[in-house]
Amino acid sequence: MKIKIAKHIGFCFGVRRAVNMAEHALEKKGNFSCLGAIIHNPQEVRRLSLKGLKIIDNIKYLKKNDTLIIRSHGLLPRIIESVKSKGVNLIDATCPFVKKAQNICKRLKDEGFDVVVVGEREHPEVRSILGFVDGKAAVVESLFDVKRLKLRSGKIGILAQTTQSKENFHDLVTALLKKYNSGPSYNEIRIFNTICKDSATRQQAAKKISSVCDVILVIGGKNSANSRRLAKICKSALMRAYHVETEDDLKPGWFKNTDRVGIISGASTPDWIIKKIAKALKNRNGEE
Ligand code: SF4
């Protein structure tokens, strides 16, 4: 059984940057906090926690001179202000691509557009983007959401959660255009493709590797939206595609009558987990 590892694998730029900033701060400052998981990978979060990173679910636990790192998904401006007013030090690890989406959302709102974000309503990144317009933007995840949408201003601005699939963004933008571009009520529509290049490349790689393997392992946190999306893409091309977090998730029955296993990962999966899983597969088969 051969093992084929996708070229584009491991941390994306934004996650690597956030983890590096956290490691650096742990060395320099010692313990500090993050509001929510710093990245969506439980094993990597545990590794950082053992070094002193504290995951909190409320800023009430912070006191003057504490340090808080803003995770790659960003944070709502009103929370940032509350934290600053407590005298807490901030390390901003918001991914620059998420910042770009936040700024576009704010600019559109300031210019009087009805803003529509294509993404997952409860995802921390989408919540942070909405925080820049005090929650006054619509979020659509599906065609059903587009159907129910009611916009009023005469101008509509559309952007995407950075890890959306290109297909979903395209489908929902098409549906929005069909709904609002046909009548006289809308005189300006602006569309910003804020899907980050890393996400688009990974989605392409997922399709490619699914076409040349018998089994695909998508490695990533079960709480990672982009890993789940990759698993969905692989599953739509190949029945035997499995989303795993660690080598303990591997089931011997998956690899019967298999010539080639493909490995791909979400954007928040560290190399050390990928290596462990590849090693477990090699040990199982005695060959690469
Ligand atoms: S997936 Fe893209 S937008 Fe999200 S953290 Fe990574 S580089 Fe940034």
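Counting convention: from 1, in listed order, for ligands and their atoms alike. Computed from a predicted model, the values in this text were never measured in an experiment.
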Contacts of atom 8 (Fe) of ligand 1 with protein N/O/S atoms, counting only those under 2.8 Å: Cys95 SG
Distance-only side-chain donor-acceptor flag, Asp249 / His243, under 3.5 Å: no
Polar contact flag, side-chain donor to acceptor under 3.5 angstrom, Arg240-Thr258: yes
Donor + acceptor pair across side chains of Glu125, Thr162 (<3.5 Å): yes
Sequence-distant partners of Glu23, side-chain contact (heavy atoms from CB on, under 4.5 Å), two or more places apart: Val19, Arg47, Leu48, Lys51
Between Ser128 and Gln102: side-chain donor-acceptor atoms closer than 3.5 Å: yes
Tyr242 and Trp254 aromatic ring geometry - parallel, tilted or perpendicular at 30°/60° bounds: parallel
